[in-house]
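Below: one structure, written as structure tokens.
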Amino acid sequence: MRPDKPRDPVAGPDAGPESPYPVRLSGPVIKGFGRGSKDLGIPTANIPADDLSEQHPELTSGVYYGVVALDPQNLAQGNGAEKSSSATLLPAVLSIGYNPFYKNTVRSVEIHIMPPLTQPSPTAVAHPKFNRLPDFYGTKLNLLILGYIRPEFDYVSLDALIEDIRIDCEVARQSLLRDAYQRYIVDDGKASAQVNEDRKWLVTFEGVSENI
Ligand SMILES: Cc1cc2nc3c(=O)[nH]c(=O)nc-3n(C[C@H](O)[C@H](O)[C@H](O)COP(=O)(O)O)c2cc1C
Ligand SMILES: Nc1ncnc2c1ncn2[C@@H]1O[C@H](COP(=O)(O)OP(=O)(O)O)[C@@H](O)[C@H]1O
Ligand SMILES: [Mg+2]
């Protein structure tokens, strides 16, 4: 059960991601249990978790933050962002694990994509309307995990779970607003060669690389 204590406003060192982060994950967006939107009002793009234990033993179950890009080549038509050749980098918060509140028997990777950091945060207020994009099932998603926030918990109620995910969104946002993290989204001219390479990887889909 979730411990009854206040949450830290940021997660991970101010100086930038610390080993083993950043961690790269990719996959097509698949169907989950359909609870994200229906029960919680928080859509999560699920990607396959089959190889996770072998490929990334360092990714223990828990909540993380990072940056995502969706393949612009197979984003469904009419999703608002016109089918184009350039991928957008967006902040994200995700959960990896068995969702103890729902007692899943298989592990899942579920990513909630947040609005750009330049926009006001919808989750700054209690009982928010979480960010919702037009559906993009089947689209390839690249994710760069930059830090760990907390373990997964069981909760006394659905409302308590939703409120903790709202705080996760705020922690992810405040964490990513720091210079050493924001440069994974926007080139500030001060990024190391490695950060530039990671940003380039994010927008590279099957050999198609975008200019960023
Ligand atoms: C940031 C974030 C944190 C989460 N934390 C928990 C958690 O601590 N415990 C839990 O049972 N589920 C947690 N979840 C998972 C939700 O229960 C899950 O997104 C929901 O069951 C939707 O599943 P679906 O994609 O299969 O529909 C979290 C999800 C997100 C996006
Ligand atoms: N902000 C968002 N973050 C993640 N997915 C979103 C977002 N907005 C819309 N979606 C869409 O909603 C789907 C997830 O909804 P969800 O209710 O969690 O269903 P499922 O159980 O199939 O994962 C994603 O696969 C994606 O197509
Ligand atoms: Mg989902």
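Counting starts at 1 for both ligands and their atoms, following the listed order. No hydrogens, no waters, no symmetry mates; every other heavy atom, side chains included, goes into these values. Counting begins at 1 with the first residue of the sequence.
- For the Mg ion (ligand 3), protein N/O/S neighbours under 2.8 Å (waters excluded) are Thr44 O, Thr44 OG1, Asn46 OD1.
- Near ligand 1, residues Gly32, Phe33, Gly34, Arg35, Gly36, Leu40, Thr44, Asn46, Val63, Val93, Ser95, Asn99, Pro100, Phe101, Tyr102, Glu110, Arg150, Glu152, Phe153, Tyr155, Leu161, Ile165, Asp168 each place a heavy atom inside the 4.0 Å sphere around the ligand atoms.
- The distance from the NZ atom of Lys103 to the CG atom of Asp154 is 4.5 Å, given to the nearest 0.5 Å.
- Inter-residue side-chain proximity for Ile96 and Ile145 is flagged as met; some heavy-atom pair is nearer than 4.5 Å.
- Ile149 and Val93 make their closest contact through CD1-CG2, 4.1 Å (heavy atoms, listed as atom of the first residue, atom of the second, distance).
- Glu163 is linked by a side chain to side chain donor-acceptor pair (under 3.5 Å) to Arg166, counting only residues two or more places apart in sequence or in another chain.
- Side-chain contact check for Arg35 versus Asn104: some heavy-atom pair is nearer than 4.5 Å.
- Annotation: ligand 2 has protein neighbours Val29, Lys31, Gly32, Phe33, Gly34, Arg35, Gly36, Ser37, Pro43, Thr44, Ala45, Asn46, Ile111, His112, Ile113, Asn131, Arg132, Leu133, Asp135, Phe136, Tyr137, each with a heavy atom less than 4.0 angstrom from the ligand.
- Classification of the Phe130-His112 ring pair by plane angle, with boundaries at 30° and 60°, yields perpendicular.
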Test log, rule side-chain contact (heavy atoms from CB on, under 4.5 Å), inputs Ser61 and Tyr98: CA-CA 8 Å; Ser61 293; Tyr98 297 90; 4.2 Å; yes
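- A heavy-atom distance below 4.5 Å is found between the side chains of Leu177 and Gln182.
- A salt bridge links Asp135 and Arg132; the closest N-O separation between the charged side-chain nitrogens and carboxylate oxygens is under 4.0 Å.
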side-chain hydrogen bond (donor to acceptor under 3.5 Å, both in side chains) assessment of Thr123 paired with Glu170: CA-CA 7 Å; Thr123 48; Glu170 289 301 292; 2.6 Å; yes
side-chain contact (heavy atoms from CB on, under 4.5 Å) evaluation trace for Asp8 with Val171: CA-CA 8 Å; Asp8 290 334; Val171 173; over 6 Å; no
Stepwise side-chain contact (heavy atoms from CB on, under 4.5 Å) check, Arg24 with Asn142: CA-CA 7 Å; Arg24 298 175 178 186; Asn142 287 340; over 6 Å; no
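- The neighbour count for Glu18 CD, taken as heavy atoms of other residues, nucleotides or ligands under 6.0 Å away, does not exceed 12.
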